[in-house]
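We use all heavy atoms of the structure for the numbers below, so side chains are in, but hydrogens, waters and symmetry mates are not.
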Amino acid sequence: ATGARHCALDRCEIGHTGNYGLWFRAGCRDNRVVHTEIVDLGAGGVRIGEGGNPASDNEAALRNVVDNCFIHDCGRIFRGAVGVWIGRSSYNTLSHNEICDVRYTGISVGWSWGYDPSSANHNIIEYNNVHDTAKGQLSDTGAIYTLGVSPGTVIQNNIFHDVMSNPNVSGGFGIYFDEGSTDILAQNNLVYNTYSGGFHQHYG
């Protein structure tokens with residue numbers, strides 16, 4: 001979707017795709033995906049926003065919600081894909097979802113390396129169960145992975161477990177604050193059974 005506003009997918013199934021199941025691209029605002037199963041995907045489950053800052057305020061993706069969804073069996077073709085990817089997008093909520101059986105990272109938020117200005121902020125990640133990620137295939141990964149300066153972003157009340165990165169390459173963590181991750185609050189999360197550790201802060 002591009003420029004979609006106030007749309008809802010409720011009690012749907014998206015499955016057997018060659019790429020991502022769903023992408024809210026530039027200008028998508030106030031959309032909801034609820035009680036939906038997203039399964040058997042060539043890439044990831046849900047993608048919100050773009051990889052770069054929006055060209056204008058009107059093209060910013062904002063205030064989208066993914067709630068009470070079951071997102072699983074991702075990355076069958078593109079293994080580096082993510083269960084739910086939030087790029088340069090703000091004020092989104094990802095809550096009460098189960099995300100599992102992903103070949104790389106369960107959730108990614110931010111997508112701005114280092115301390116460069118970013119249009120990703122105030123994203124809420126809460127009450128999710130993210131597990132069985134990396135699956136011994138890829139590395140430098142986490143159940144949740146963040147990048148860049150992201151004021152107001154909160155990661156709370158989640159369960160992150162069974163992150164099994166490739167043992168011959170590099171790490172797999174529960175919560176992974178990668179390059180420049182700053183002004184993000186992580187609280188009251190349960191993390192267990194990870195290859196490298198529960199939490200990793202690269203710099204930030």
Exercise. Show the numbers, then the answer: is there a side chain to side chain contact (heavy atoms under 4.5 Å, CB included) between Q156 and L185?
Key: CA-CA 8 Å; Q156 63 185 2; L185 173 64; 5.5 Å; no

Practice problem: Output, in order, the C-alpha distance, side-chain angles, deciding distance and verdict of side-chain hydrogen bond (donor to acceptor under 3.5 Å, both in side chains) for D101 and H72. | Solution: CA-CA 5 Å; D101 293 313; H72 60 107; 5.3 Å; no

Quiz item: Stepwise, does the side-chain hydrogen bond (donor to acceptor under 3.5 Å, both in side chains) test hold for N68 with H96?
Solution: CA-CA 5 Å; N68 265 292; H96 300 100; 4.6 Å; no

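Between R5 and G27, the closest heavy-atom pair is NE-O, 2.6 Å. When every heavy atom of G87 is checked against every heavy atom of A120, the shortest pair comes out as O-CB, 3.4 Å. The heavy-atom pair separating L138 from R79 by the smallest distance is CD1-O, 3.3 Å. Counting all heavy atoms, side chain and backbone alike, N129 lies closest to H131 at OD1-CD2, 3.5 Å. Heavy-atom minimum distance, T133 versus Y104: CB-O, 3.5 Å. For the pair Y195 and S165, the tightest heavy-atom approach, listed with the atom from each and the gap, is CD2-OG, 3.3 Å.
Here the CG atom belonging to D183 is positioned 9.0 Å from the OG1 atom belonging to T153, to the nearest 0.5 angstrom. Summarising the geometry, atom CG belonging to D178 is positioned 6.0 Å from atom NE2 belonging to H202; distances are rounded to the nearest 0.5 Å. A distance of 5.0 Å separates CG in N123 from CG in N92, rounded to the nearest 0.5 Å. Between I14 atom CD1 and L22 atom CG the span is 5.0 Å, to the nearest 0.5 Å. Interatomic distance, NE2 of H200 versus OG of S181, reported as 10.0 Å (0.5 Å rounding). For the atom pair CD1 of I99 and CD1 of I71, the computed distance is 4.5 Å after rounding to the nearest 0.5 Å.
Using the six-membered ring where Trp is involved, W111 and W85 have ring planes that are perpendicular, over 60° apart on the 30 and 60° scheme.
Side-chain N/O atoms of N193 and H161 include no donor and acceptor closer than 3.5 Å. S119 and N53 form a side-chain donor-acceptor contact under 3.5 Å, judged by distance and modelled atom types alone.
Side chains of F160 and I144 form a contact here, defined as non-hydrogen atoms less than 4.5 Å apart. Here the side chains of I125 and V84 are not in contact, with every heavy-atom distance at 4.5 Å or above. At least one side-chain heavy atom of V82 sits under 4.5 Å from a side-chain heavy atom of Y20. Annotation: side chain of T194 is not in contact with side chain of Y176 (no heavy-atom distance under 4.5 Å). With contacts defined as side-chain heavy-atom distances shorter than 4.5 Å, the pair L41/R76 does not qualify. Considering only heavy atoms from C-beta on, S112 comes within 4.5 Å of R88 through its side chain. The side-chain heavy atoms of V66 and I48, taken from C-beta on, include a pair separated by under 4.5 Å. A 4.5 Å side-chain heavy-atom check between I155 and N189 finds at least one atom pair inside the cut-off.
Between the side chain of N97 and the backbone N or O of C69 there is at least one donor-acceptor pair closer than 3.5 Å. Between the N31 side chain and the H6 main chain, a donor and an acceptor come within less than 3.5 Å of each other. A donor-acceptor pair is defined here as one N or O able to donate and one able to accept, closer than 3.5 Å; such a pair exists between the side chain of T36 and the backbone of C12. In this structure, S90 contributes its side chain and N121 its backbone to a donor-acceptor pair below 3.5 Å. For the pair N166 (side chain) and S139 (backbone), a donor-acceptor distance under 3.5 Å is absent. A donor-acceptor pair is defined here as one N or O able to donate and one able to accept, closer than 3.5 Å; no such pair exists between the side chain of Q137 and the backbone of R103.
Both V46 and I86 are members of a single hydrophobic cluster when ILVMFWY side chains are connected at heavy-atom separations under 4.5 Å. By the criterion of side-chain heavy atoms lying less than 4.5 angstrom apart, applied directly or through intervening Ile, Leu, Val, Met, Phe, Trp or Tyr residues, I107 is not grouped with L147; the two fall into different hydrophobic clusters. Grouping the Ile, Leu, Val, Met, Phe, Trp and Tyr side chains by contacts below 4.5 angstrom, directly or via other members, places I184 apart from V149. Hydrophobic clustering, with ILVMFWY side chains joined whenever heavy atoms are under 4.5 angstrom apart, groups F199 together with V130. Hydrophobic clustering (side-chain heavy atoms under 4.5 Å, transitive across Ile, Leu, Val, Met, Phe, Trp, Tyr) keeps V109 apart from Y145.
Remark: of the listed residues N157, D67, N158, N158 is the sole one forming a side chain to side chain donor-acceptor pair (under 3.5 Å) with N128.
Using a 4.0 Å cut-off between charged nitrogen and carboxylate oxygen, D10 and R32 do not count as a salt-bridge pair.
Environment of CZ in F70: crowded, with over 12 heavy atoms of neighbouring residues, nucleotides or ligands closer than 6.0 Å.
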